[in-house]
S.K.: 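Mind looking over this structure? Questions follow.
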Number of protein chains: 2
Amino acid sequence: MHTCEHCEARSFNMCNALDADELARLASIMSDQRFEAGTTFIEEGAPADDLFNLTSGTVKVFKLLADGRCQITGFMMAGDFLGLSRGGTYAYSATAITPVTCCRFQRPQLRGLFNELPKIERQMLGLAMNELMAAQDQMVLLGRKTARERIASFLLSLSDRAVRRGRPGNPVELPMTRGDIADYLGLTTETVSRTFTQLKGEAVILLKGNHGVDIQDLDALVEIAGQEDREACFHPFDQIA
Amino acid sequence: MHTCEHCEARSFNMCNALDADELARLASIMSDQRFEAGTTFIEEGAPADDLFNLTSGTVKVFKLLADGRCQITGFMMAGDFLGLSRGGTYAYSATAITPVTCCRFQRPQLRGLFNELPKIERQMLGLAMNELMAAQDQMVLLGRKTARERIASFLLSLSDRAVRRGRPGNPVELPMTRGDIADYLGLTTETVSRTFTQLKGEAVILLKGNHGVDIQDLDALVEIAGQEDREACFHPFDQIA
DNA sequence: CGTATATTTGATATCAATCAATACTCGTGG
DNA sequence: CCACGAGTATTGATTGATATCAAATATACG
């Protein structure tokens, strides 16, 4: 019997809003899946047959322009949903940047479940609202922040996210490459690297190899980021009604 | 009796998914409201007591940084919802840029209605998904497009939106100022102006005073925008399941 | 009409992109 | 265990797109 032991306790996800029967019903229509690092398992424009709920690992969600320019719209982790579609085709591409495990739902079956369990719909609405607010923060970052502010905001948001998931907020783990960070923040690899170096020189951070950052002066980092409200997750109702 | 005669027929909104009884129930908890141009009726951080559904006019939704930098995250029109909150306070500010009429819902009452009419929840989920996809397109624009591409994309998206609302797609109406456009596209007033002038010089557009643009060469504009998929609105289920 | 506001246009500055090496990391096999 | 190599990151020099600063027009509104 498939329960949700793999859904991390603090993660804001579908499972923790359902009772045992409902979980069983949910489990009956989902299958576990695993992707190697580097696997692109959702391609923008392809038929959107499945919906995924990550249980471990990190995924980059991105859109490409015709000439290859890439904008990463988010890094997805355990608890996050993937597979938003527009007119039956995926609205973005998704690539595993670490090995990933997830639950796969087939759309027709999920459709039925939605009618059976309105709770799930509410939960999804809450998740969508959270994503929407994160998207708005990212628009502020991309439209109006300097490279320095972007990097500081990024580190803080990764740290907050780790804490929310019950992990230490420091040091910050960076499973993605500098290029991925650049594609997420609307910068280039070189600018990301230079900015890290600069913050290191000011003793605000310490680089732990290529995939870790130790925050040495949190106050300074918050100051640099331009202290917008730190992100938080609430019950769906908080956002809508 | 309050019906939805003011909800524009082609607009993707709550009312057209409900039957007469449900509409009446909805009407019973909402009140009409009007705002003059220039009125800021939602302030980021203020207690989020109300939710608004626009019936006419245009509203800019924005976030401010501490030093006054502004990012407009969207222009809202008839059918759109306003009042997203985070922990009981509004997540953004909203200012009418033309005279605006809207329906106001008080949260506690709306909360009850949600439990009564799950349809509304599904409709809201669909709206949220559409907004999320628009937000992702905007991230691509802000993170990776040139000023020229941003202006072209903006004009096309306003045109599409007008068509979807049953209005002519050309000429494009621009109720907002150059400064608003700049704050939406992550540019400055001057760059917006220069880019309009440039496109006019290439006979791609024709400026009709300060608040109108005639698209003279649609193909060229699409080409400049970098032809991502044109936006479209679908049934909520299309996006989720 | 005249005044305030919004827009356009011009000159210059600047931040980040680009182009170009160099250095580091990490996995692999000798 | 170390050397190699491919990918990844850093650093440097220069360019370039857009911001900034500064007038000059145009538009809208009382």
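Every chain is numbered from 1 and lettered A, B, ... according to where its sequence line falls, protein lines coming before strand lines.
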S.K.: Separation of B:K208 atom NZ from D:dA26 atom P, in whole Å?
M.R.: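 Roughly 19 Å, once rounded to whole Å.
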S.K.: Taking the side chain as every heavy atom from C-beta outward, state whether B:Q71 and B:L65 have any pair of such atoms under 4.5 Å apart.
M.R.: no
S.K.: Test of understanding: with salt bridge (charged side-chain N to carboxylate O under 4.0 Å, His left out), list the residues that count as partners of A:R104, not counting sequence neighbours.
M.R.: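 If we apply the salt bridge (charged side-chain N to carboxylate O under 4.0 Å, His left out) test to A:R104, skipping adjacent residues, the hits are A:D50.
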S.K.: Five pairs at each end of the helix from C:dC1-D:dG30 to C:dG30-D:dC1: take the axis at both ends and give me the angle between them to 10°.
M.R.: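 Inter-axis angle at the termini of the helix from C:dC1-D:dG30 to C:dG30-D:dC1: 40°.
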S.K.: Determine all donor-acceptor pairs shorter than 3.5 Å in which one atom belongs to a side chain in residues 194-201 of chain A; sequence neighbours excluded.
M.R.:
residue: A:T195; atom: OG1; partner: A:T191; partner atom: O; Å: 2.7
residue: A:T197; atom: OG1; partner: A:S193; partner atom: O; Å: 2.9
residue: A:Q198; atom: OE1; partner: A:R148; partner atom: NH1; Å: 3.3

S.K.: C:dC15 C1' sits how many Å from A:K145 NZ, rounded?
M.R.: 17 Å
S.K.: Tell me which of B:A147 and A:K200 sits closer to the 5' end of DNA chain D, going by the nucleotide each one is nearest to.
M.R.: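 Whichever sits nearer the 5' end wins; that is A:K200.
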S.K.: Decide yes or no for B:T101 and B:Q33: does some side-chain heavy atom of the first lie under 4.5 Å from some side-chain heavy atom of the second?
M.R.: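 Counting from C-beta outward, B:T101 and B:Q33 never come under 4.5 Å.
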S.K.: Could you pull out the protein-nucleic contacts involving nucleotides 17-21 of chain C (nitrogen or oxygen on both sides, under 3.5 Å)?
M.R.:
residue: C:dA17; atom: OP2; partner: A:T188; partner atom: N; Å: 3.4
residue: C:dA17; atom: OP2; partner: A:T188; partner atom: OG1; Å: 3.1
residue: C:dA17; atom: OP2; partner: A:T191; partner atom: OG1; Å: 2.4
residue: C:dT18; atom: O4; partner: A:R194; partner atom: NH2; Å: 2.8
residue: C:dC19; atom: N4; partner: A:E190; partner atom: OE2; Å: 3.0

S.K.: Would you mind reading off the distance between A:N210 atom CG and C:dC24 atom C1', rounded to a whole angstrom?
M.R.: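 A:N210 atom CG is separated from C:dC24 atom C1' by 8 Å.
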S.K.: Within the pair B:S193 and C:dT9, is there a side-chain N or O less than 4.0 Å away from OP1 or OP2?
M.R.: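 No, outside the criterion.
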S.K.: Using the six-membered ring wherever Trp is involved, compare the ring planes of B:F35 and B:F41 and label them parallel, tilted or perpendicular (cut-offs 30° and 60°).
M.R.: parallel
S.K.: Can you tell me which nucleotide in C:dT7, C:dA16, D:dT10 comes closest to the side chain of A:R178?
M.R.: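 Closest nucleotide to the A:R178 side chain: D:dT10.
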S.K.: Charged N to carboxylate O under 4.0 angstrom, B:R144 versus A:D183?
M.R.: yes
S.K.: From CG of A:L174 over to P of D:dT8, roughly how many Å is that when rounded to an integer?
M.R.: 15 Å
S.K.: May I have all residue pairs that pass ring-ring contact (aromatic ring centres under 6.0 Å, His included) and include part of residues 134-164 of chain B, sequence neighbours excluded?
M.R.: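 Of all non-adjacent pairs touching residues 134-164 of chain B, those that pass ring-ring contact (aromatic ring centres under 6.0 Å, His included) are B:F154-B:Y184.
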S.K.: So which pairs with a foot in residues 205-215 of chain B pass side-chain hydrogen bond (donor to acceptor under 3.5 Å, both in side chains), sequence neighbours left out?
M.R.: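 Passing the test, one end in residues 205-215 of chain B: no pairs.
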S.K.: Have a look at B:I181 and say if it touches a base, only the backbone sugar-phosphate, or nothing, with a 4.0 Å heavy-atom cut-off.
M.R.: nothing
S.K.: What is the minimum heavy-atom distance between B:A78 and B:T55, and which atoms define it?
M.R.: CB-O, 3.3 Å
S.K.: Out of C:dT8, D:dT10, C:dT7, which nucleotide sits closest to the side chain of B:H211?
M.R.: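 Taking heavy atoms from C-beta onward, the closest nucleotide is C:dT7.
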S.K.: Measure CD/B:Q198 against P/C:dT8 and give the value in whole Å, please.
M.R.: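 Those two atoms, CD and P, are 13 Å apart.
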S.K.: Please state how far atom CZ in B:F196 lies from atom P in C:dA6, giving the value in whole angstrom units.
M.R.: 16 Å
S.K.: Closest heavy-atom contact between A:L142 and A:G186?
M.R.: CD2-N, 3.8 Å
S.K.: Would you kindly give the CG-to-C1' distance between A:D183 and C:dA16, to the nearest whole Å?
M.R.: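 From A:D183 CG to C:dA16 C1': 15 Å.
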S.K.: Mind checking A:L185 for me? I need base, sugar-phosphate or nothing, with any heavy atom below 4.0 Å counting as a touch.
M.R.: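 Counting heavy atoms under 4.0 Å across all strands, no contact is made by A:L185.
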S.K.: Heavy-atom nearest nucleotide on DNA chain C for B:M176 versus A:G209: which residue maps closer to 5'?
M.R.: B:M176
S.K.: Find the distance A:I151:CD1 to D:dA9:P and express it as a whole number of Å.
M.R.: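 Roughly 12 Å, once rounded to whole Å.
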